[in-house]
Every structure is written in C-alpha cells, then in structure tokens.
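Treat the numbers as computed from the prediction; the structure is a model and nothing was measured.
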Amino acid sequence: MIESKSREEKLQRIIESEKTLNEIKDVDVLLERILTEARDIVHADAGSIYIIEENNLKIRYAQNDTQQRRLAPGQKLPFQSFSFPINEKSMCGYCVLTQEMINEPDVYAISPEKKYSFNKSSDLVTGYRSKSIIAIPLVTVNGTILGVLQIINPQDKSGNIIPFDSDAVLYLKHFATSATQALERTYLTREMVMRMVEMAGFRDPKETGSHVNRVASYSVEIYDRWAFKHNIDKDESNRFRDAFRIAAMLHDVGKVGISDLVLKKPGKFTEEEYQIIKGHTYIGAILFKNKQSSFDSMAMDVALHHHERWDGKGYPGKIDINNIDIEKPSEIVAEPMSGEEIPLSARIVAVADVFDALSSQRVYKKAWTEEEVLNEIKAQSGKQFDPEIVDIFLELVPQIKAIQNTWPDL
C-alpha cells in the first residue's frame with residue numbers, strides 16, 4: 001500500500017482537496033494546485049501538468065521535491081516552458097489520443113511492443129531518475145481533453161519509490177474527474193477576463209493577451225517570494241495569489257473608457273490629455289466598486305493604484321471613487337499616496353508592468369535591452385518603486401525571463 005494514512009483519512013483528504021479546487025478562480029493557480037494536491041494524495045516526489053494548445057501539449061507546471069530540496073529556502077525550481085506534438089510516441093500524447101490512463105511501474109523498462117516510450121532527456125539534464133509514472137487525461141463530460149496530469153515516483157513511508165497500486169489509481173481517477181470540472185469552470189472565468197482585456201486592447205494595442213499574462217505571472221512570482229519572506233500563512237497566501245493573478249491581468253481595463261483621440265495620440269500629451277489618460281485608473285476601479293468578493297477588492301486596488309509611486313508623486317492618490325466626476329478629470333484633486341499606504345498588490349504590479357513595458361517592442365519604440373531595463377528598475381527603487389519589491393524582483397530575474405519566453409508577443 002502506498003499510503004501512510006488510512007483509507008478513510010485519504011478519502012477525507014481528497015474531499016477537502018476537491019472543495020479547495022472549487023474555490024479557486026484563476027486557471028493557472030488552479031493548474032498548479034491540481035498538481036500539488038494530486039501529488040500529496042499519493043505521496044509522489046514529482047509531477048507535471050500539461051495543457052493542450054492546438055496540436056501540441058505544453059507543460060504548464062512541474063514540481064520535484066528532490067530537486068527543490070537542493071535549493072535555498074524560498075527559491076523555486078526554474079520555470080519550465082516547452083511543448084511537443086500530440087502523437088502516440090510520447091506517454092502524454094498517447095494518453096490524449098486514446099483518452100486512457102497510463103500506469104508504468106518503471107518508465108526505463110517500457111515494453112517495446114507499446115507505441116509510446118519515455119523521453120529521458122529531462123532526467124539526463126537534471127540528474128533525476130524518473131521511475132514510476134502515471135499519466136491521466138483530464139477529460140470533460142462531453143469528451144473534451146483539457147490536459148494531462150502526470151504524477152511521478154510515489155513513495156512509501158520510508159521514502160522508497162514504489163509502483164502506483166490499485167488504491168492510488170482509484171484515488172487519482174476520482175480526483176482527476178473533480179479537478180477537470182474545476183478546470184472547466186476556471187477556463188470560463190479566464191475567457192471572460194480575456195474578453196475584458198481584448199476590449200481594452202481595442203482602445204490600446206499594448207493591452208495584449210501576452211502582455212497581461214506576463215504581468216500577472218511576474219506579479220504572482222514576486223508575491224510568492226514576498227509571502228515567504230514575511231512568513232505568510234499558506235492558506236492566506238493561496239487565497240491572495242488566486243485573486244491577485246486575475247486582478248493583475250485587469251490592471252489597465254479602465255482604458256476602455258478613454259477616448260481613442262487621446263489614447264492613440266502619437267505625439268506628446270497636453271496637460272489636459274494627461275489628466276484624461278490618468279483617468280483609466282479610477283474608471284477601472286469603478287468596474288469593481290460593488291464589491292462582491294475579495295477579488296473585487298483586490299481588482300479595485302490594482303486598477304486604481306498601480307500608477308502610484310513610493311515617493312508619493314504618482315497618481316491618482318487617495319481618491320473616493322464614489323464621489324468623483326469622471327467627465328471632469330481636471331477637477332479631481334486627491335491627497336498623495338506613498339510608501340506602504342499603497343496596497344501591496346498595486347506596488348507589485350507597478351514593478352511588473354513597467355518591466356514588461358520597457359522590455360517590449362511597440363510601434364512607437366524599440367524594446368530596451370535587459371541591462372537597460374534592470375538598471376532602470378534599480379534606479380527607481382525608493383522613488384517610483386517599493387525598495388523591497390525591487391530587491392525581490394531582482395532575485396527572480398531567471399524566473400522572470402522564463403515567463404517572458406512562455407508568453408511571447410505574437
């Protein structure tokens with residue numbers, strides 16, 4: 001038996017996991033959590049989760065406890081991004097095409113009669129030894145496959161790698177069904193979010209899907225390291241990052257309310273036009289003012305305050321969105337907001353957004369070099385940006401660069 005807990009305890013753990021999954025709103029946060037929970041159920045050392053993009057399988061998250069232990073506390077494994085064609089030659093590809101689970105007790109000894117084989121390249125690069133692997137297709141009730149959950153090297157009480165037994169298969173099949181239902185729901189949420197982003201993109205071409213996904217991904221990475229440094233409770237951290245990722249994606253949604261004559265002006269803004277542009281912060285915040293959830297509160301904070309500055313010279317400042325006239329932006333006067341008065345979520349997005357803007361090529365500018373961008377971020381520490389957030393950001397440069405590769409401009 002693979003489990004160190006009783007069957008009743010294990011089933012109760014699965015029920016609790018399913019409840020947690022159903023509370024998550026963001027697709028990427030959910031994918032990562034599905035992988036974490038599935039591994040925990042069968043006490044697996046490693047795993048990965050793949051999504052389907054056209055005719056390819058793309059890895060979204062990978063976890064490996066053995067490799068994680070080699071890192072300093074608070075660090076994460078390098079962000080991975082690669083894809084491969086869906087065909088019968090790979091385990092996961094075969095899993096998709098047949099909609100069948102694969103359970104191999106030793107992937108280095110797969111029968112040559114089988115159509116699929118194990119790709120050893122990752123093991124060769126990392127020095128890891130994958131052995132027992134199960135791959136489960138995430139199939140909706142109407143037969144659509146959303147991805148593949150791959151769990152690697154379950155362990156017994158002594159840490160020895162063992163095969164997936166019948167109980168483990170039963171647990172994971174049940175869990176995968178519930179996980180797929182939760183995933184299908186969050187895809188609908190993501191679709192609605194991306195429609196809002198697309199609407200903003202009609203007004204401002206900079207607001208692309210790739211841009212907002214990069215900014216959101218940078219922001220969550222920064223928050224995770226900040227939460228570790230501040231000893232934030234795991235449950236609290238999970239709740240924050242779930243709402244935060246979507247809120248970060250919608251940081252500039254208020255641009256839907258800005259005139260094209262101003263937003264797309266090629267030259268320098270007049271003072272009046274600049275006041276109009278600044279209005280995208282409170283227009284975005286107004287979309288979330290009828291707060292129904294913690295997400296609404298965070299989305300309002302991010303939309304309203306992501307252009308604040310640590311030194312108090314940003315905008316819009318301390319503003320009551322219930323008592324402003326958006327038709328008269330030049331008449332809006334607010335007390336400056338500075339330092340930790342600025343919500344944490346907005347302080348993080350401020351750094352992530354500026355980094356991505358400077359790093360990206362636009363019709364009106366070339367992309368800055370990595371050295372130029374990082375020097376500018378450093379130079380603005382304690383001025384435009386929270387110094388602690390800048391320090392954390394600089395620690396995460398390898399992960400940030402990997403995220404850039406995951407969400408390239410099309």
Side-chain angles (χ1 to χ4, degrees), residues 204 206 215-216 218-219 222-223 225-227 229-230 232 240 244 247-248 250-255 257-258 262-263 268-289 291 296-326 328-359 368 372-396:
D204 185 351
K206 298 191 299 294
V215 170
Y218 302 154
S219 296
I222 294 168
Y223 171 73
R225 183 64 65 88
W226 182 92
K229 290 177 177 287
H230 288 259
I232 302 300
F240 187 101
F244 188 30
L250 295 172
H251 64 281
D252 271 341
V253 71
K255 288 182 178 178
I258 304 299
V262 176
L263 199 59
K268 187 176 181 180
F269 294 131
T270 65
E271 181 58 32
E272 182 179 1
E273 289 167 339
Y274 184 53
Q275 292 301 322
I276 293 172
I277 283 289
K278 291 196 294 186
H280 80 276
T281 56
Y282 48 78
I283 292 172
I286 287 171
L287 296 175
F288 306 102
K289 72 175 183 178
K291 301 176 186 177
D296 289 332
S297 297
M298 186 175 294
M300 178 186 289
D301 282 345
V302 170
L304 187 60
H305 296 300
H306 69 282
H307 282 291
E308 305 289 358
R309 291 176 53 107
W310 184 257
D311 59 13
K313 297 178 181 179
Y315 64 87
K318 299 175 183 178
I319 190 170
D320 181 359
I321 62 171
N322 294 304
N323 294 300
I324 60 172
D325 185 349
I326 63 173
K328 299 178 180 178
S330 62
E331 297 180 8
I332 297 174
V333 179
E335 182 183 344
M337 179 178 281
S338 63
E340 293 187 358
E341 293 179 320
I342 306 166
L344 172 66
S345 54
R347 302 196 316 261
I348 292 174
V349 170
V351 175
D353 188 31
V354 168
F355 172 80
D356 197 69
L358 296 179
S359 302
W368 290 23
E372 289 172 334
V373 177
L374 294 180
N375 285 339
E376 177 64 13
I377 297 291
K378 293 175 187 176
Q380 293 301 322
S381 178
K383 299 175 183 177
Q384 184 173 356
F385 304 128
D386 177 345
E388 182 184 15
I389 300 303
V390 170
D391 290 344
I392 290 173
F393 175 84
L394 295 174
E395 293 173 9
L396 296 172

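No donor-acceptor pair under 3.5 Å is formed between the side chain of Gln275 and the backbone N or O of Glu272. Between the side chain of Gln384 and the main chain of Trp310, no donor-acceptor pair closer than 3.5 Å is present. Using a distance-only test at 3.5 Å, with no hydrogens or angles considered, no donor-acceptor pair links the side chain of Glu308 to the main chain of His305.
Applying the side chain to side chain donor-acceptor pair (under 3.5 Å) test to Asp311 and every residue at least two apart in sequence or in another chain returns Arg309. For His306, the ring pair (Phe, Tyr, Trp, His ring centres under 6.0 Å) test picks out His251, His280, with sequence neighbours left out. Judged as a ring pair (Phe, Tyr, Trp, His ring centres under 6.0 Å), and not counting sequence neighbours, the contacts of Tyr315 are His307.
For the atom pair OH of Tyr223 and CD1 of Ile389, the computed distance is 11.0 Å after rounding to the nearest 0.5 Å. To the nearest 0.5 Å, the span separating CG on Leu304 from CD1 on Ile286 amounts to 9.0 Å. Going from atom CG of Leu344 over to atom CE of Met298 covers 8.0 Å, rounded to the nearest 0.5 Å.
Salt bridge Glu388/Lys229: absent, no basic N to carboxylate O contact under 4.0 Å.
Surrounding NZ of Lys313 are at most 12 heavy atoms belonging to other residues, nucleotides or ligands under 6.0 Å away.
Side-chain atoms of Val215 and Phe355, non-hydrogen and from C-beta on, never get closer than 4.5 Å to each other. No side-chain heavy atom of Gln380 sits under 4.5 Å from any side-chain heavy atom of Val390.
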